[in-house]
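Worksheet for the structure shown next.
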Amino acid sequence: MTHRDVTRRGGAEPVLGEGQSSGASAPSVIVATIFREGGETGVHTHFGQLRGYLERHGTGVSVVTPFSWNRTLSYPVFAPRLVLRRVSPPAAVVWYRHWHEVFLYRALRQRLADGREQVIYAQGPLEARAALRARRGPRQRVIMAVHFRASQADEHAEPGREIKRDGALYRAMRQAEREVILHVDGLVYVSGWARDALLGWLPEAADVPFEVIGNGVTPVATTVSVQGEREQLADLVTVGRLDEAKNHRFLLDVLVEARRKGRRVTLDIYGDGPLRRDLARRISSLDLDGQVRLLGFRADVRQQLPAYRAYAHASYAETSSLAIIEAMAAGLPVVAAAIGPIPELCKDGAEARFWPLDDAARAAAALLELLESPPALAAAASAARARFERDYDIDVVGARLKSFLLADSASVPAQPA
């Protein structure tokens, strides 16, 4: 579904198709991010997959980061944040955001100095503000991706994080987001839930042209053994940073409940993070050493996915979930909670089974019902792969993103002060 016809300022404009351009040549795309160019976050996967798609389809694309301008100077400027984190976490947040935006702005100003037609695909509000300041006229459009949950201020104010909810810094961050979001030329929401969350506190953003376009990845090749059957590493797999939001402890509780029912379910956990030691101790205390493996970060994890029976997801905070999309790309059924955007990604009773995050016993029952029914497991696996091919293959998602990013704009709003 497209929202461009009813939301574009100044009336609807034609969407560029393959090989078409609005002038002598189609504009190129600049991905602007405050992150380093290489990394393992969902944001990195988002723009990395898009970059590959655009390059394969003849659209110029480059990535600009704070390290694209004066890399030598960036190290001494960024380094004090590490000290500030111990002394004053809020000050560390301010330092990080300010100087990364300054360096990104200078890098973008160099790249945009000639004034030629470009599309700057900003990966967040800081990137969008830097791009709005750096651009040189109406031929340089700024489109912002909404990867965050409601607001970046809310993410920094989560329990155990750096700033106080509704404090001075929290309010300042939200005000900055308000000023930026209402001036960009378009918004890309990675889920309908992400749009609803943003409009919940910033209803004026409904007037900004937008598309809801989920994340996309390349297909995962399945692996088979010499006997023609898929080699199995464990029953379940989960991938993600080992932190509170990913809720790995719940998965351990589910395995304990399954064991009480006389079923031994194995689980491999990929990822690293601050809770690794805590999880290792908990695995031992629950006598799950022979059932659960902490495998750390692996660059080839998506190639390992087909060697499992199902994907287990216990996170209670998502804007989208590339982990679930990657699992469906590998043809894995998904067991997850119906929170946030997850019901948009997969359907209960088809490619997924939803479980409650507040009742490990009921969750274990739902899991075992799936694992112990080969027909149901096979049907869910087939549905997962079909859903991926229809909605999340990068060839599908990339085409939609390209059309929105390269669509002609009737006018460009004024830059914010």
Side-chain angles (χ1 to χ4, degrees), residues 31 33-56 61-68 71 123-124 145 147 190 214-225 230-243 245-248 251 266-280 283 292-315 318-334 336 345 384-385 388-389 392-395 397-398 401:
V31 174
T33 175
I34 61 171
F35 293 154
R36 293 177 181 271
E37 186 170 346
E40 289 78 41
T41 69
V43 175
H44 284 100
T45 300
H46 176 86
F47 69 70
Q49 292 283 338
L50 173 64
R51 181 182 193 177
Y53 175 86
L54 293 177
E55 289 174 343
R56 291 193 301 273
V61 58
S62 58
V63 177
V64 175
T65 80
F67 300 92
S68 301
R71 179 180 292 270
Q123 298 303 295
H147 296 289
V190 296
N215 287 301
V217 298
T218 54
V220 176
T222 58
T223 58
V224 296
S225 68
R230 179 180 293 181
E231 298 176 350
Q232 186 177 315
L233 295 176
D235 294 312
L236 304 177
V237 61
T238 193
V239 182
R241 179 173 166 77
L242 306 185
D243 59 23
K246 296 304 181 183
N247 199 21
H248 291 90
L251 297 178
T266 54
L267 167 69
D268 281 352
I269 300 175
Y270 291 93
D272 216 334
L275 294 186
R276 183 182 178 95
R277 289 184 179 179
D278 176 75
L279 287 171
I283 289 168
V292 181
R293 296 188 297 178
L294 294 174
L295 299 178
F297 169 78
R298 285 190 55 165
D300 65 341
V301 64
R302 70 192 318 259
Q303 280 72 47
Q304 306 300 317
L305 293 177
Y308 297 90
R309 301 175 68 199
Y311 186 83
H313 195 75
S315 176
E318 298 282 7
T319 304
S320 178
S321 176
L322 273 159
I324 287 178
I325 292 171
E326 294 271 18
M328 291 194 292
L332 293 188
V334 175
L345 297 176
R385 182 71 179 197
F388 165 77
E389 292 173 349
Y392 309 120
D393 190 309
I394 190 57
D395 284 341
V397 174
L401 266 171

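Small disclaimer: the values here were computed from a predicted structure and weren't measured. Just so you know, these numbers use all the heavy atoms, side chains as well, and skip hydrogens, waters and symmetry mates. In what follows, residues are counted from 1 in the order of the sequence shown.
- Note that CG of Leu401 and CD of Gln49 are 11.5 Å apart. Values are rounded to the nearest 0.5 Å.
- Ala221 approaches Pro306 most closely through the heavy-atom pair O-CG, 3.7 Å.
- Put simply, the side chain of Asp272 never gets that close to the backbone of Gly296: no donor and acceptor are under 3.5 Å apart.
- Once rounded to the nearest 0.5 Å, the distance linking NZ of Lys246 with CG of Leu251 reads 11.5 Å.
- The distance from atom CG of Leu242 to atom OH of Tyr270, rounded to the nearest 0.5 Å, is 13.0 Å.
- Looking at every heavy atom in both residues, Val239 comes nearest to Tyr311 through N-OH, 2.9 Å.
- Not a single donor-acceptor pair under 3.5 Å links the side chain of His46 to the backbone N or O of Thr41.
- Atom CZ of Arg293 and atom CD1 of Ile269 lie 11.0 Å apart (nearest 0.5 Å).
- Of all heavy-atom pairs between Leu50 and Ile394, the closest is N-CD1, 4.3 Å.
- Between the side chain of Thr65 and the main chain of Arg36, no donor-acceptor pair closer than 3.5 Å is present.
- Without hydrogens or angle criteria, Arg56 side chain to Asp395 main chain gives no donor-acceptor distance under 3.5 Å.
- Between His313 and Ser321 the shortest heavy-atom distance is CE1-OG, 3.6 Å.
- Taking all atoms of both residues into account, the shortest heavy-atom contact from Ile325 to Ser320 is CD1-OG, 4.4 Å.
- One distance of note links NE2 of His147 with CD of Gln123; it measures 4.0 Å at 0.5 Å rounding.
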*Can you list the steps and then say if Val31 with Arg51 is a side-chain contact (heavy atoms from CB on, under 4.5 Å)?*
CA-CA 8 Å; Val31 174; Arg51 181 182 193 177; 5.7 Å; no
*Should Phe388 and Asp393 be marked as a side-chain contact (heavy atoms from CB on, under 4.5 Å) after you check the CA-CA gap, both sets of side-chain angles, and the distance that decides it?*
CA-CA 6 Å; Phe388 165 77; Asp393 190 309; 4.0 Å; yes
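- Two residues are said to be in side-chain contact when any heavy atoms from C-beta on lie closer than 4.5 Å; Val397 and Tyr53 fail this criterion.
- Between Tyr308 and Leu332 the shortest heavy-atom distance is O-CD2, 3.1 Å.
- Between Leu267 atom CG and Ile283 atom CD1 the span is 8.0 Å, to the nearest 0.5 Å.
- Here the side chains of Gln304 and Val237 are not in contact, with every heavy-atom distance at 4.5 Å or above.
- Two residues are said to be in side-chain contact when any heavy atoms from C-beta on lie closer than 4.5 Å; Arg385 and Pro219 meet this criterion.
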*Let me see the working for Asn247 and Ser315 under side chain to side chain donor-acceptor pair (under 3.5 Å), right down to the final yes or no.*
CA-CA 5 Å; Asn247 199 21; Ser315 176; over 6 Å; no
